[in-house]
**Q** 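Sharing a structure, written as structure tokens. Questions coming.
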There are 4 protein chains.
Amino acid sequence: MLKVGIIGATGYVGAELLRLLLNHPKVKIEAISSVSYEGEEISNIYKNFYGVTNLVCETQEEVIKKCEVIFAALPHGLSEEIANLVYKENKILIDLGADFRLEKEKEYKKWYGKDYKFKELHEKSIYALPEFNREKIKEYKIIANPGCYPTSIELALMPLLKNSLIDTNNIICDSKSGATGAGRGLTLKSHYPELNENFSPYGIGAHRHTPEIEQCLSEIAEEKVQITFTPHLLPINRGIISTIYCNPKKNSNEEINLQEIYDLYKDFYKDEFFINILPLGDTASIKDVKYTNNCNISLHLNHRKDGIIIVSAIDNMIKGAAGQAIQNMNIICGFEEKQGLFLVSAGH
Amino acid sequence: MLKVGIIGATGYVGAELLRLLLNHPKVKIEAISSVSYEGEEISNIYKNFYGVTNLVCETQEEVIKKCEVIFAALPHGLSEEIANLVYKENKILIDLGADFRLEKEKEYKKWYGKDYKFKELHEKSIYALPEFNREKIKEYKIIANPGCYPTSIELALMPLLKNSLIDTNNIICDSKSGATGAGRGLTLKSHYPELNENFSPYGIGAHRHTPEIEQCLSEIAEEKVQITFTPHLLPINRGIISTIYCNPKKNSNEEINLQEIYDLYKDFYKDEFFINILPLGDTASIKDVKYTNNCNISLHLNHRKDGIIIVSAIDNMIKGAAGQAIQNMNIICGFEEKQGLFLVSAGH
Amino acid sequence: MLKVGIIGATGYVGAELLRLLLNHPKVKIEAISSVSYEGEEISNIYKNFYGVTNLVCETQEEVIKKCEVIFAALPHGLSEEIANLVYKENKILIDLGADFRLEKEKEYKKWYGKDYKFKELHEKSIYALPEFNREKIKEYKIIANPGCYPTSIELALMPLLKNSLIDTNNIICDSKSGATGAGRGLTLKSHYPELNENFSPYGIGAHRHTPEIEQCLSEIAEEKVQITFTPHLLPINRGIISTIYCNPKKNSNEEINLQEIYDLYKDFYKDEFFINILPLGDTASIKDVKYTNNCNISLHLNHRKDGIIIVSAIDNMIKGAAGQAIQNMNIICGFEEKQGLFLVSAGH
Amino acid sequence: MLKVGIIGATGYVGAELLRLLLNHPKVKIEAISSVSYEGEEISNIYKNFYGVTNLVCETQEEVIKKCEVIFAALPHGLSEEIANLVYKENKILIDLGADFRLEKEKEYKKWYGKDYKFKELHEKSIYALPEFNREKIKEYKIIANPGCYPTSIELALMPLLKNSLIDTNNIICDSKSGATGAGRGLTLKSHYPELNENFSPYGIGAHRHTPEIEQCLSEIAEEKVQITFTPHLLPINRGIISTIYCNPKKNSNEEINLQEIYDLYKDFYKDEFFINILPLGDTASIKDVKYTNNCNISLHLNHRKDGIIIVSAIDNMIKGAAGQAIQNMNIICGFEEKQGLFLVSAGH
């Protein structure tokens, strides 16, 4: 059994990692940590673990010492130190925070307001989106797990961008996420009577996932990709829908052939266990991916047949965070990729 | 007191008209009708009217006979007959259905699959969006009340289009509506366990509000406007958010000045009681317009400052239906325009 | 116009008072106060007031000085001081907090852990449940507005207790309230992902409304009434349902005659504008009273016909707080009792 | 691998059985049936199964022919015929409907309005609540799986009734269930805008689970138990909370010792994997059992310490239906009882 640990186990993502790893047949959770709850049983903080596990929150050092693979689910700015310690021990870090996602320090500085502390570690890390760069991931020990919105958008656009089929200078990504995406921290925005029966965008033109999405899409397209990204907060617990608008490369004035695009997607993702390209006519929805590691994608045209609309659905806590992290662990550790992730949505 | 009546009083929009008109100081609801519930007390069908009104559903003919202003809240295809009868009686029809919204029969045929029965009546009707064509409305007796999505989009774009400031060939309108918009008819999509904790787009590239929006925006812009419109179903009861993406007229490669746009909007709507242009930095949300006749609009740029994002919020049942219909009645009948519509949202 | 003011205007109850009073034809809101937001516009804190009012939060002293009737919506322990000041000025205080609800200081001490500061003021205050003691209320200047749960329970049991028809030593009150009842303060319990799709009781055997309910029911019954009260938190914004179980006075071994009880209730409440006794066979529900000052009551028997079940529905923010406070103001000030409170629920 | 099949696979309970059985390591789903959707792929009806299974709905006969264990998830009145066929084939039927739950035909007739067709089969069936009669279940081939409300109530009261500690002539069971409990059939009550933001009891004094609960509790207590049962519909998808009020056997006028009751419960259920007795002070809630086969129970006293309040939480679709059915299969087939049921709630 692989010894794994979770740093930041009392945030929503940390707790979700714990929940999924408890059912993973190849791992044993050796230790978990929490700065706020050191010494407390996790089942005392998350009552859903009552009767399930007796794990007690320890220090980050204990987690690193006891485990072979360490998951970190922390606010940005805290993972570099941990990466440094883990790297010295020659162990594997799967970081669910933002610290290792952006390649250019300049961009990190611009969007997160901080400098890198350990520049050399960034050379040794990889942005790990399995369906894009599965083979490369195996060579790394510092894994930057993609953000939730980016995952939903990157998987949706990959086949078109890889094949240079669309304009890359203004792709509109209108994304909507459930409330767990904002975490366990109390805010007025997530206060029940304020969010319930409400809906609105937030962080327009300023969300920190924007450079991550542009970076990954540009890498996929092998050219500069520019997006407009608007996140919205949904009055539901889990799930992201990204509705993505793009246009074919110019000079083609003909109607778009949706069947061709569909065939391309089906072929592109034919070996991917977690990606479902829905039959033409169907529309991706949150309920069908909730509590799974799947990404459901549906393809559409606007009413003039001159614009492509892609709808992508994931569970932000699983494919958008904990599940993808475990998928990355499976890849690195040589387990079957879907191990511990054969999750079927209940539909409601 | 003005004698008013409601045809189709047992649908959600009809019941909302009834609710609002019961508190209107200048009108008396003389009769209501319902094909399905003829002879039944409305308070037996909508228990929220228990103890409030004893109105009984009569026939459409009775409503037309007894009332001076007739509201019709019916599925498309049923209002032309009623318009014919009302027009003969020289009374006023405010139609909340789709029959009189499209000017070109060809478009109606294309999107609704039907021919016009009374072509001449369409000459005598007007698409009545008060903030756009208030003065003209007064001259008509057949009033086409705008659709819910169109209202949210048209009000949001009017200042930019009136001033020819944006590209008109691909405006993206990503709209999200609460479930009352789909009406009282039972469908699996609106079955509680299916919609709750779910979210997805629907009718992509095919929603019947598309030609209505393009027609009105083109009239405002005095040039052809092309949109891409995607509606989504929100797991809430009421409200629409439209997130609208547009670009300045080409040749301007500079950063957009958001303050100028804001000033334009503030000035454009300075005399409009129901339109709030939110301070820059704020974002329109459903909770602040719920149960009101207001449209809240907020203005934003994307992160490159080269694209404009407009967020528009209304209550689909009020400004998007019953409230706007009463606003139109107030205009035609010479009442103060906000009469019966001084509604303040509770915020939750 | 009567000059009224609100102390504690930035809590949920204070904001609801403001919303309702803005539409009251006989009053002018002269001043509002908030300790946390002194100097700020209320529309900056509650965006639903944007474009509606320019009121700025002042000090409590200003409110007392400027107004004839003062509403206080504060946490317990803060209203006595205000009552003292208001009383000296010979003005009227309508207190929506708990400080003046319990007659016996001992009980207050036991449940709230504090002594009275101004004992003599308690002699001069009244627990004001209009349907119970309307006439007396007119003689007082310190008004204790009933709690939300108590209102729903007291109105439901009054006809039976007044007529000594039920056992008074163990009435079960199983109540369920929407989340606004817990206020605007951030807690994990009201954090959206924790409350959404969740439900549970809280404060079992320890909720502070318990002695208030027993006191009022005992006064109604003119004998000691003992209840078991369990509140639950519903994942909705507004509304309370109390499901109340009681038994006929002993020695009667016959089946209960529900029609007789129904007739009693109809007669008892025949002149009450805000109380609806639903036809036998109907069941009170939150949606029909939401956003109104009504209390809907339905009457039932258990399957053996030997136990009575009463279901009572109110909007916790209106009949359970702000609306009842305005009703009390109307009574004291000689306005028509339903003035400003002719609110019709939309049903959804 | 055990060959299992599902009759009625396209109802909510049937689909949930399918979902759980797909992850059960000891079974293979050999066939499923649906009268309404014969010949259709299940993934076409429940999109959550897209990419997961290619099972096609066949006839009931095919299911019985191909499988060793047959689950039936049908409306009442349809399982007897199936039981007859299954029994002839000497196979095992686990019936999730009501046909075999009541022992007395008279009671079935009274509550369901039908006679038994195959009286002798009822002798050969057992009401299978594993924590109550695990050993006996192994001897039967027709298994009546308990109803959802009954499960939550019977598990909550068993330790007290087994030990004759409480009055058995009026136990109040105030239960609240999520909307999946009402199934996939469209009704106005489950129409999204009607149930959302709403809450109310239903079927007061008339719910068909009443005689089932009384029968099972009486068997546990070995004396006649009488309950008052009131179900309520919650605006959530899954979960039941039962708040249960009972009193100690008379003649004891002392305060109840809650610690003793707690110790009794802990001991009574000490070997039960799926039952959690929460620490005193905690309260059972739906979020902690959602998507699991667990029953969480918390113990409380009223404020006078003279009445016991038990709170019991289950997932109505799992412990209240599909999960308990699989638990019963595990028992009968000699699998580890928690096989396929090691489900951990996410808490949100």
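All heavy atoms count here, side chains included; hydrogens, waters and symmetry mates do not. All chains are named by letter (A, B, ...) in the order of the sequence lines, taking the proteins before the strands, and each is independently numbered beginning at 1. Every value quoted in this text rests on a predicted model; they were computed, and no experiment measured them.
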**Q** Please output the residues of residues 179-190 of chain C in contact with chain A, using a heavy-atom cutoff of under 4.5 Å, in numerical order.
**A**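 The list, in residue order, reads C:Ala179, C:Thr180, C:Gly183, C:Arg184, C:Gly185, C:Leu186, C:Thr187, C:Leu188, C:Ser190.
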
**Q** Distance from C:Glu194 atom CD to A:Asn237 atom CG, nearest 0.5 Å?
**A**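 Answer rounded to 0.5 Å: 8.5 Å.
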
**Q** Please check this pair: side chain of C:Tyr192 against backbone of A:Pro235, looking for a donor-acceptor N/O pair closer than 3.5 Å.
**A**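 A pair under 3.5 Å: yes.
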
